[in-house]
Protein chains: 2
Amino acid sequence: MTRRTASRRGTPPAEPKYWQLKTALTDALDAEFSVGQVLPDERTLAARFGVARATLRQALDQLELEGRLQRRRGVGTTVAPPRVGVDVSPARQTWPGAEDDPWSVDGFAVAGAPPVVAHALGVPRGTALPVVSRALVAEGQPVAVERLYALPSPEPADGVADADEALAALRRQPLEGQDRSVELGSADAEQAGALDRLPGSPVLLVTTRYGAAGRVAAVSLATYRADTCRLTFGDQPLALTAS
Amino acid sequence: MTRRTASRRGTPPAEPKYWQLKTALTDALDAEFSVGQVLPDERTLAARFGVARATLRQALDQLELEGRLQRRRGVGTTVAPPRVGVDVSPARQTWPGAEDDPWSVDGFAVAGAPPVVAHALGVPRGTALPVVSRALVAEGQPVAVERLYALPSPEPADGVADADEALAALRRQPLEGQDRSVELGSADAEQAGALDRLPGSPVLLVTTRYGAAGRVAAVSLATYRADTCRLTFGDQPLALTAS
DNA sequence: CAGTGGTCTAGACCACAGC
DNA sequence: CTGTGGTCTAGACCACTGG
């Protein structure tokens, strides 16, 4: 196959191979595969489509990014289930750790504030803060991890000793407001381990600021698996879910 | 921590090269580069770090995903400015096209509903619907495009003729609620063109359902550039933005 | 152990921007 | 035209999972 056989001036738009591959695979996924089914291995697929493995992988990368596929080293590539919806509405004005909070506490430490947290809380960089680590599981799968940084509470002598104490200290203050932001990021080694992904996997980074006593009293950095999660918010008054 | 059977051979941690590269580049970016500055070209960088260009590109891909870099074919790689915050709060309960709506109308058509839209609106797949195309510009850059699908309004004979009419028809109904969801996607060719990116670029896909008359009356599919955008929502009562 | 996906190399050519 | 990033190849080896 000499490239660009280009009989006549042909090749008008020149659509990349990996893009055509992705389209072909998407169609095949819709038509011939069911959730959980394992695909042929990459070398076989590449041969079948007549491309190099790197090119095929470019197409698979995209499909994994879109949540259509799930790849596991040593195991294989499987068809992914639809993304799970996770409610992140700031509407229910409650502190973390409230009654029906689905997050589970995972650890506690006193550590230096990362720059972004220090900035949000208005403290110098590296200030020692109580940090609560939490995790969220949905449908049997870990979907998010969180680090919650609290401003040292004024009332107990100083310093809380564990996660429950830290959360209780927050709850003693009236919550005046909260806001969130969502952006794309990539998992560091630690997050990747907790989320059962490889480092560098795409994640949705949700930053929450909790307001109390006229200032930001706590900041949470939550990391959601971008391949398996769909974040929802707003009043969901309309029941239209069945297929 | 991990085992690494003390084989005495070199590579104890086995951290991928592209990961180390990414770290090194991140540090260099923080220390020695300013926003807008152009980096050396990929071949030069690869040689400087002693790796293949493909490996270097793996590191650059990650940094671009995280919004640290911006690459343009034929031009070069530049240091990206911080992401712009875009408010997507569903709190201001208004229809699209209200007074201070920053979106600009871009086009109008009557077209078949894609499956996801048909499902949300509860109509058969392919049903012809009025579609308003809009675009959002922030800080001089296109950051998002949108397709707004409306249920045909009952009152005018049938069918609206242009975008203004379609939006006006929506505004005549009382808005009862709205919810949104955010997930990761990749830009198709058309969206990529409008957003000044290549097809397949990572985007944040925001789906909005507008409720009126006890059912979903309109659905919007908005596509935000994931590299340049940070979506915000919630009451932002706390002014803490300066560096 | 064999088989999977993950990393890496050293090339090549293509598409586009700008001179 | 030159120089940039984007695509593609045909290999190789590594890290992990499972029988």
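Chain letters run A, B, ... following the sequence lines, proteins first and then strands; every chain starts at 1.
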By nearest heavy atom, map B:G74 and B:P199 onto DNA chain D; which one lands nearer the 5' end?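 Of the two residues, B:G74 wins.
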What is the separation between atom [atom1] on [X] and atom [atom2] on [N], rounded to the nearest whole Å?
| X | N | atom1 | atom2 | answer |
| --- | --- | --- | --- | --- |
| B:D41 | D:dG6 | CG | P | 12 Å |
| B:E42 | D:dT7 | CD | C1' | 12 Å |
| A:D196 | C:dG5 | CG | P | 16 Å |
| A:L39 | C:dT4 | CG | C1' | 13 Å |
| A:Q58 | D:dT9 | CD | C1' | 12 Å |
| A:L60 | D:dC8 | CG | P | 14 Å |
| B:R57 | C:dC14 | CZ | P | 17 Å |
| A:R73 | D:dC13 | CZ | C1' | 13 Å |

Kindly indicate whether the side chain of B:R53 and the base of D:dG6 share any N or O donor-acceptor pair separated by less than 3.5 Å?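 Under the 3.5 Å cut-off, the side chain and the base do form a donor-acceptor pair.
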Heavy-atom donor-acceptor pair, A:R43 side-chain to C:dG5 base, under 3.5 Å: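 Pair found.
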Are OP1 or OP2 of [N] and a side-chain N or O of [X] less than 4.0 angstrom apart?
| X | N | result |
| --- | --- | --- |
| A:Y18 | D:dT7 | yes |
| A:T77 | C:dG5 | yes |
| A:T55 | D:dT7 | no |

Could you check whether any side-chain heavy atom of A:Q62 comes within less than 4.5 Å of a side-chain heavy atom of A:W19, counting everything from C-beta outward?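 A:Q62 vs A:W19: side chains touch.
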Which word best sums up how the rings of A:Y224 and A:W103 line up, parallel for under 30°, tilted for 30 to 60°, or perpendicular for over 60°?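 Judged by the thresholds at 30° and 60°, the geometry between A:Y224 and A:W103 is perpendicular.
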State, to 0.1 Å, how close [X] and [Y] come at their nearest heavy-atom pair, and which atoms those are.
| X | Y | answer |
| --- | --- | --- |
| A:P142 | A:A194 | CB-O, 3.7 Å |
| A:D101 | A:G97 | OD2-N, 2.7 Å |
| A:P96 | A:L148 | CG-CD2, 3.8 Å |

Selection from [options] that lies nearest to any side-chain heavy atom of [X]:
| X | options | value |
| --- | --- | --- |
| A:L198 | D:dG5, C:dG6, C:dC8 | C:dG6 |
| B:A54 | C:dG5, C:dT9, D:dT9 | C:dT9 |
| A:V75 | D:dC8, D:dT17, C:dT7 | D:dT17 |
| A:R71 | D:dT4, D:dC8, C:dG5 | C:dG5 |

Which part of the nucleic acid, if any, lies within contact of B:R72, taking any heavy atom under 4.0 Å across all strands shown: a base, the sugar-phosphate backbone alone, or nothing?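 B:R72: backbone/sugar contact only, no base atoms under 4.0 Å.
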